[in-house]
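Single-structure report; data block below.
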Amino acid sequence: MRYENIHNLQIPKIGFGTWTIGGRDRADPSGDEKSLRALRSALELGYTHFDTAENYAAGHSEELVGRAIREMGMPREKLFITSKVEPDHLQFDDVLRCCESSLRRLGMAYLDLYLIHWPKTGMNYAETFRALNQLVREGKVRHMGVSNFNLELLKQSAALAETPLLTDQVPYSIPDRKYVENGVLAYCQQNDILLTAYTPVKHRFTQGNKLKAIAQARGVTTYQIALAWLTTQPRVITIPMSFNPQHQAENLAAADIVLSAEEMAQLNGAFDM
Ligand SMILES: NC(=O)c1ccc[n+]([C@@H]2O[C@H](COP(=O)([O-])OP(=O)(O)OC[C@H]3O[C@@H](n4cnc5c(N)ncnc54)[C@H](OP(=O)(O)O)[C@@H]3O)[C@@H](O)[C@H]2O)c1
């Protein structure tokens, strides 16, 4: 595994996403065995960064992540757990209350990273960051960050955070360069902020011809090349999700593939499907 070394931390280039673990917008306990199997195999394979949120399966995702970790006897300090507060909960008291609820569902004393999940129009973020700063001071949150924040909001957040913002978690993949075009990636790279790429492989682009050619030449899958395109970039990490242990293993291994400048340039060009 390759890591990003940042603010005295080592964060794995590839972590594990948990959207659909435990359900979607609502908890769906009928899928618990499948979800727990996926989490157990991810832990066994060596994933240490788990990305969840209070609104994934209405909190059930956090419950299952916590349960799988406890049942596997994984030492808390070896793991890096991210959760997120949703946009309707960004008032001071709500942030404090929601963080407590996430910790209770996870069965943990602290979060490694707590993110504002989405911006909310008209929100006074001074209020939100006052709560996040307090959570860091109290040791309930180790690091804070944001998600889906554009450049202006990211700069505003960096000014309000008492400790360095660790990440902006945004959609980023070969066909989706919105956060390159809006300047967020460059700002992150210049200011020691991680860009966490979400939805890195979901769409049909993984069947593109350029990806296929590079994957074939290296004897790996197109999904691995799509992930390596992200992890080859400085200050970029990613959090693919998979229920399939084979895919999970391939995704983890993709962190060790460093693409050449020529391969990156080929994939940076106009993308053919
Ligand atoms: N902050 C936000 O607003 C936000 C938004 C969206 C997502 N996220 C986070 O980012 C994580 C990842 O994004 P995502 O779940 O949207 O999409 P994704 O990880 O890009 O794609 C997941 C899909 O790709 C398939 N897949 C994964 N690896 C594969 C492989 N090696 N080979 C073949 N198929 C593979 C999975 O199927 P199988 O199960 O069959 O492998 C699954 O259907 C989420 O789980 C969540 O934690 C955050």
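Both counts, for ligands and for their atoms, begin at 1 and track the order of listing.
- At a cut-off of 3.5 Å, with distance as the only test, a side-chain donor of N268 or W229 sits close to an acceptor on the other residue.
- Considering every non-hydrogen atom in both W118 and L90, the closest pair reads O-CD1, 4.1 Å.
- If you look at T18 next to ligand 1, the close heavy atoms, those under 4.0 Å, all belong to the backbone.
- Residues T82 and H49 have side chains that bring a donor and an acceptor to within less than 3.5 angstrom of each other.
- Note on ring orientation: taking the six-membered ring where Trp is involved, the planes of Y56 and H117 are perpendicular (angle over 60°, cut-offs 30° and 60°).
- The Q169 neighbourhood of ligand 1 comprises atoms 1 (N), 2 (C), 4 (C), 8 (N), 9 (C), 48 (C), with distances under 4.0 Å to a heavy atom of that residue.
- Classified by interplanar angle (parallel below 30°, tilted 30° to 60°, perpendicular above 60°), the ring pair H247/Y223 is parallel.
- Stacking of R142 on the aromatic ring of F80 is not recorded, the 6.0 Å distance cut-off and the 45° axial limit not both being met.
- Closest to atom 36 (C) of ligand 1, if we only count protein heavy atoms, is M241 O, 3.6 Å.
- What sits closest to atom 17 (O) of ligand 1 on the protein, heavy atoms only, is T199 CA, 3.5 Å.
- Under a 4.0 Å heavy-atom criterion, F16 is not in contact with ligand 1.
- I69 and I21 fall within the same hydrophobic cluster, where Ile, Leu, Val, Met, Phe, Trp and Tyr residues are linked whenever their side-chain heavy atoms come under 4.5 Å apart, directly or through other members.
- What sits closest to atom 44 (C) of ligand 1 on the protein, heavy atoms only, is W19 CB, 3.6 Å.
- Heavy-atom contacts of H117 reach the following atoms of ligand 1: 1 (N), 2 (C), 3 (O) (cutoff under 4.0 Å).
- When hydrogens are left out, the protein atom nearest atom 7 (C) of ligand 1 is Y198 CD1, 3.6 Å; that is the closest non-hydrogen contact.
- Here the side chain of E127 pairs no donor or acceptor atom with the backbone of Q91 at under 3.5 angstrom.
- Less than 4.0 angstrom separates some heavy atom of P200 from each of these atoms of ligand 1: 18 (P), 19 (O), 20 (O).
- Given atom 12 (C) of ligand 1, the protein heavy atom at minimum distance is I239 O, 3.1 Å.
- The protein heavy atom nearest to atom 28 (N) of ligand 1 is N251 ND2, 3.0 Å.
- Looking only at protein heavy atoms, the nearest one to atom 3 (O) of ligand 1 is N148 ND2, 3.0 Å.
- Considering only non-hydrogen atoms, atom 8 (N) of ligand 1 lies nearest to Y56 out of Y56, Y223, W118.
- Among protein heavy atoms, atom 24 (O) of ligand 1 sits closest to V201 CG2, 3.9 Å.
- No more than 12 heavy-atom neighbours from other residues, nucleotides or ligands sit within 6.0 angstrom of CG on D25.
- When only interatomic distances are considered, the shortest N/O to N/O separation between F243 and ligand 1 falls below 3.5 Å.
- Side-chain atoms of S83 and E62 form a donor-acceptor pair, as typed in the model, at a separation below 3.5 Å.
- Every atom of ligand 1 with a heavy atom of D51 under 4.0 Å away is listed here by number and element: 9 (C), 46 (C), 47 (O).
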